[in-house]
Amino acid sequence: MTASATPFIASDGVSKTYNPGRADEVRAVDAVTMHVDRGEVLVLEGPSGSGKTSLLSLIGCMSRPTSGRIVVDGRDVAKLAEGALTEERRRRFGFIFQQFHLIPDLPAIDNVLVPLYPTEVSLREMRGRALGALARLGMDGKASRKVRTLSGGEQQRVAIARALVNNPQVVVADEPTAHLDRRLAEELLVILEGIHRDGRTVVIATHDPRVFDHPIVDRILEMRDGRIVGERRS
């Protein structure tokens with residue numbers, strides 16, 4: 001981990017409330033103050049419903065807080081206009097989702113290209129980037145294969161290539177091992193270790209001990225009922 005005096009990402013009293021003022025109102029994140037140092041691997045650990053995925057979406061610029069501040073590299077992103085927030089998300093973050101969210105009838109390379117649209121970069125350069133990301137994960141030979149014809153492990157690699165195609169500073173992973181068997185989970189952790197060695201910051205939401213007990217992890221924040229209730233070094 002490379003720590004600095006000023007955190008790379010920080011939340012200050014952040015709350016996220018869904019359906020405010022209604023009978024089904026839910027406060028998913030409750031006045032959370034936390035930080036992520038540049039270059040560290042941070043885990044948000046907790047059971048389903050603890051708020052870790054909602055907090056992950058806030059610090060990854062995927063949603064806005066109901067109250068509080070989210071600061072990324074010195075910039076209060078919660079105040080950004082929608083277009084600027086989208087650009088901040090595209091420029092800095094790559095996302096790995098537990099369900100992969102791939103388009104099954106499109107080839108692998110077209111799935112990897114998705115985060116590059118819209119852009120001023122030429123299609124030739126975009127395809128070059130996508131092939132490079134697939135090659136890093138040993139998938140360049142299956143770039144033209146439709147996703148539905150790939151194995152679970154191959155689909156996982158396509159999803160990771162998609163997360164890396166924009167060369168993000170931060171890789172955000174939401175329950176990445178939730179639906180993986182032991183072999184695929186171990187394979188994913190090896191890939192994440194390589195991503196971290198490249199100098200990227202990695203933030204993972206999980207309740208899987210295989211993840212938060214792994215040597216790659218620098219720090220663990222334990223969440224319950226939308227709040228951080230503990231912090232420990234791995």
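We find the CG-OH distance between Asp24 and Tyr18 to be 13.0 Å, quoted to the nearest 0.5 Å. Put simply, CG on Leu150 and CG on Leu102 are 8.5 Å apart, with the number rounded to the nearest 0.5 Å. Put simply, CD on Gln98 and NE2 on His179 are 4.0 Å apart, with the number rounded to the nearest 0.5 Å. The line from SG of Cys61 to CZ of Arg90 is 13.5 Å long, rounded to the nearest 0.5 Å. Atoms CG and CD, on Leu180 and Glu175 in that order, are 11.0 Å from each other to the nearest 0.5 Å. The distance from atom CG of Leu56 to atom CZ of Phe93, rounded to the nearest 0.5 Å, is 9.5 Å.
When all heavy atoms are compared, the tightest approach of Glu231 to Leu221 is CG-CD2, 3.6 Å. Nearest heavy atoms, Arg224 versus Pro47: NH1-CD, 3.2 Å. Smallest separation of non-hydrogen atoms from Ser54 and Val29: CB-CG2, 3.7 Å. Scanning all heavy atoms of the two residues, the minimum distance from Arg136 to Leu164 falls at NH1-CD1, 4.2 Å. Closest heavy-atom contact between Gly153 and Leu184: CA-CD2, 3.4 Å. Of all heavy-atom pairs between Lys52 and Glu45, the closest is CD-C, 4.2 Å.
We find that Arg91 and Asp73 are not joined by a salt bridge, their nearest charged nitrogen and carboxylate oxygen being 4.0 Å or further apart.
Side-chain atoms of Asp218 come within 3.5 Å of backbone atoms of Val41 as a donor-acceptor pair (strictly under, hydrogens ignored). Counting only distance, with no hydrogens or angles, the side chain of Gln169 and the backbone of Arg92 share no donor-acceptor pair below 3.5 Å. Here the side chain of Ser122 pairs a donor or acceptor atom with the backbone of Glu125 at under 3.5 angstrom. Side chain of Ser11 to main chain of Val32: a donor-acceptor pair is present (N/O by atom type, distance under 3.5 Å, no hydrogens or angles). One N or O on the side chain of Glu154 and one on the backbone of Ser151 form a donor-acceptor pair closer than 3.5 Å. In this structure, the side chain of Glu187 does not engage the main chain of Arg183 through any donor-acceptor pair within 3.5 Å. Not a single donor-acceptor pair under 3.5 Å links the side chain of Arg27 to the backbone N or O of Thr17. Of the possible donor and acceptor atoms, one in the side chain of Thr149 sits under 3.5 Å from a partner among the backbone N and O of Lys146.
In the displayed structure, His207 atom NE2 is contacted under 6.0 Å by at most 12 heavy atoms of other residues, nucleotides or ligands. Other residues, nucleotides and ligands contribute over 12 non-hydrogen atoms within 6.0 Å of the CZ atom of Arg64. Taking a 6.0 Å sphere around CG of Asp181, one finds it holds more than 12 heavy atoms contributed by other residues, nucleotides or ligands.
A chain of hydrophobic side-chain contacts below 4.5 Å, direct or via other Ile, Leu, Val, Met, Phe, Trp or Tyr residues, connects Leu137 to Leu134. Taking hydrophobic clusters as Ile, Leu, Val, Met, Phe, Trp and Tyr residues chained together by side-chain heavy-atom distances below 4.5 Å, Val71 does not share a cluster with Ile59. Residues Leu106 and Leu113 are members of separate hydrophobic clusters, defined by side-chain heavy-atom contacts under 4.5 angstrom among Ile, Leu, Val, Met, Phe, Trp and Tyr. Val114 and Leu123 are assigned to two separate hydrophobic clusters, defined by single-linkage of ILVMFWY side chains at heavy-atom distances under 4.5 Å.
A heavy-atom distance below 4.5 Å is found between the side chains of Met126 and Tyr117. Side-chain contact check for Leu80 versus Arg75: some heavy-atom pair is nearer than 4.5 Å. A 4.5 Å side-chain heavy-atom check between Asn167 and Arg129 finds every atom pair outside the cut-off. By the 4.5 Å heavy-atom criterion applied to side chains, Asn19 and Val26 are not counted as neighbours. In this structure the side chain of Ser15 reaches within 4.5 angstrom of the side chain of Asp30, judged on heavy atoms. With a 4.5 Å cut-off on side-chain heavy atoms, Arg145 and Met139 do not count as touching. Between Ile103 and Val147, the closest side-chain pair of non-hydrogen atoms is not below 4.5 Å. Proximity of Pro168 to Arg200: side-chain heavy atoms (C-beta onward) are separated by under 4.5 Å at one or more points.
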Margin query: Using the rule given for side-chain contact (heavy atoms from CB on, under 4.5 Å), can you reason through Ile195 versus Ile160, listing the C-alpha separation, both sets of side-chain angles and the distance that settles it, and then say yes or no?
Written below: CA-CA 10 Å; Ile195 290 170; Ile160 296 168; 4.1 Å; yes
Margin query: side-chain contact (heavy atoms from CB on, under 4.5 Å), that's the test. Do Phe8 and Glu40 meet it? Break it down for me.
Written below: CA-CA 10 Å; Phe8 182 29; Glu40 82 169 323; over 6 Å; no
Note to self: Leu189 vs Glu186, test: side-chain contact (heavy atoms from CB on, under 4.5 Å). Steps then yes/no.
What the structure shows: CA-CA 5 Å; Leu189 289 166; Glu186 290 175 352; 5.5 Å; no
Next item on the list: Begin with the C-alpha distance, continue with both residues' side-chain angles, and end with the deciding distance and a verdict on side-chain contact (heavy atoms from CB on, under 4.5 Å) for Val14 and Lys16.
Entry: CA-CA 7 Å; Val14 161; Lys16 180 65 175 182; 5.7 Å; no
